[in-house]
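Following: one structure in structure tokens, then a few remarks.
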Amino acid sequence: MSKNRPVVIGIAGGSGSGKTSVTNSIYEVFKEHSVVVIEQDYYYKDQSHLEFEERLATNYDHPLAFDTDLLIEHINELLERRPIEKPVYNYAVHTRSEETVLIEPKDVIILEGILVLEDKRLRDLMDIKLFVDTDGDLRIIRRLLRDINERGRTIDSVIEQYLNVVRPMHNQFIEPTKRYADVIIPEGGQNEVAIDLMVTKIKTILE
Ligand code: C5P
């Protein structure tokens, strides 16, 4: 492990845009080296004190849904090469789990999530800022498949949430953060040229 300051890469983009594929492609290259992924989703505010119905009514696409103070604290700890206890999030019950995961500091920190470019304090910690830009029709198709198969949702609930919350919040809060990106990656992880450019840049910073 290098003694230099770790490299922080922010990967933003709408739900279903392909952030995870971009993250995985970069992770694969550096996994032998030293890389950790921090998912903004895991930093949704703890809602265990609320009734299930109240948790259902929460707007999960609004910046205030996240415990950004804790996320910033954790990134700063990793930058100081200290370990953190990363929260674990449960989408089926819409709150944080009791368990946490011990994360050791690494040379490359990938911070991935819909709104990671929204807060200036987070942006200021990043060396590279990416925005994965994918059309809304592809994003809703991907989201439908994922939320039904992996997050315990019904078709009706996904469509209703998309039209009433996800889409308007995307337009209001997520899309505007594109202007903060150093690089806008169309179509996520399939974009090999963009991934190669990123990998080269990260290697340069690490050296
Ligand atoms: O992985 P992805 O970027 O799609 O995750 C963010 C999405 O997760 C948000 O658009 C939000 O609507 C959704 N979410 C949810 N239920 C929760 C927490 C987040 O549907 N309890």
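Just so it is clear, the structure is predicted and the values come from calculations on it, not from any experiment. Counting convention: from 1, in listed order, for ligands and their atoms alike.
Listed by first and then second residue, the side chain to side chain donor-acceptor pair (under 3.5 Å) pairs that reach into residues 137-146 are Ser15-Arg143, Arg139-His170, Arg143-Asp147, Arg143-Gln161, sequence neighbours excluded.
Neither side chain, Ser17 nor Asp133, offers a donor N or O lying under 3.5 Å from an acceptor on the other.
At the shortest separation from atom 11 (C) of ligand 1 among protein heavy atoms lies Asp61 OD1, 3.3 Å. Of the protein's heavy atoms, His94 ND1, 2.8 Å lies nearest to atom 21 (N) of ligand 1. Among all non-hydrogen protein atoms, the one lying nearest atom 2 (P) of ligand 1 is Arg146 NH1, 3.4 Å. Counting only heavy atoms of the protein, atom 4 (O) of ligand 1 lies nearest to Ser15 OG, 2.6 Å. Of the protein's non-hydrogen atoms, the one nearest atom 13 (C) of ligand 1 is Arg143 NH2, 3.5 Å. Looking from atom 5 (O) of ligand 1 to the surrounding protein, the closest heavy atom is Asp41 OD2, 3.0 Å. Looking only at heavy atoms of the protein, atom 14 (N) of ligand 1 is closest to Tyr60 CB, 3.9 Å.
Near Gln161, meaning under 4.0 Å from any of its heavy atoms, are these atoms of ligand 1: 12 (O), 15 (C), 20 (O). Listed by number with element, the atoms of ligand 1 under 4.0 Å from a non-hydrogen atom of Lys19 are 3 (O).
Here the side chains of Val29 and Ile195 are not in contact, with every heavy-atom distance at 4.5 Å or above.
Here the closest non-hydrogen pair linking Leu115 and Asp61 is CD1-O, 3.8 Å.
The number of heavy-atom neighbours closer than 6.0 Å to CD1 of Ile155, taken from other residues, nucleotides and ligands shown, is 12 or below.
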Worksheet entry | Stepwise side chain to side chain donor-acceptor pair (under 3.5 Å) test for Asp46 and Ser48 | CA-CA 6 Å; Asp46 183 25; Ser48 49; 3.1 Å; yes

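Tyr44 and Tyr89 have tilted rings, their planes meeting at an angle from 30° to 60° on a 0 to 90° scale.
By heavy-atom distance, the residue among Tyr89, Phe66, Tyr44, Tyr162 lying nearest atom 19 (C) of ligand 1 is Tyr44. Of the candidates Gln40, Arg151, Arg153, Arg153 brings a heavy atom nearest to atom 20 (O) of ligand 1.
Through chains of ILVMFWY side-chain contacts below 4.5 Å, Leu197 is grouped with Val193.
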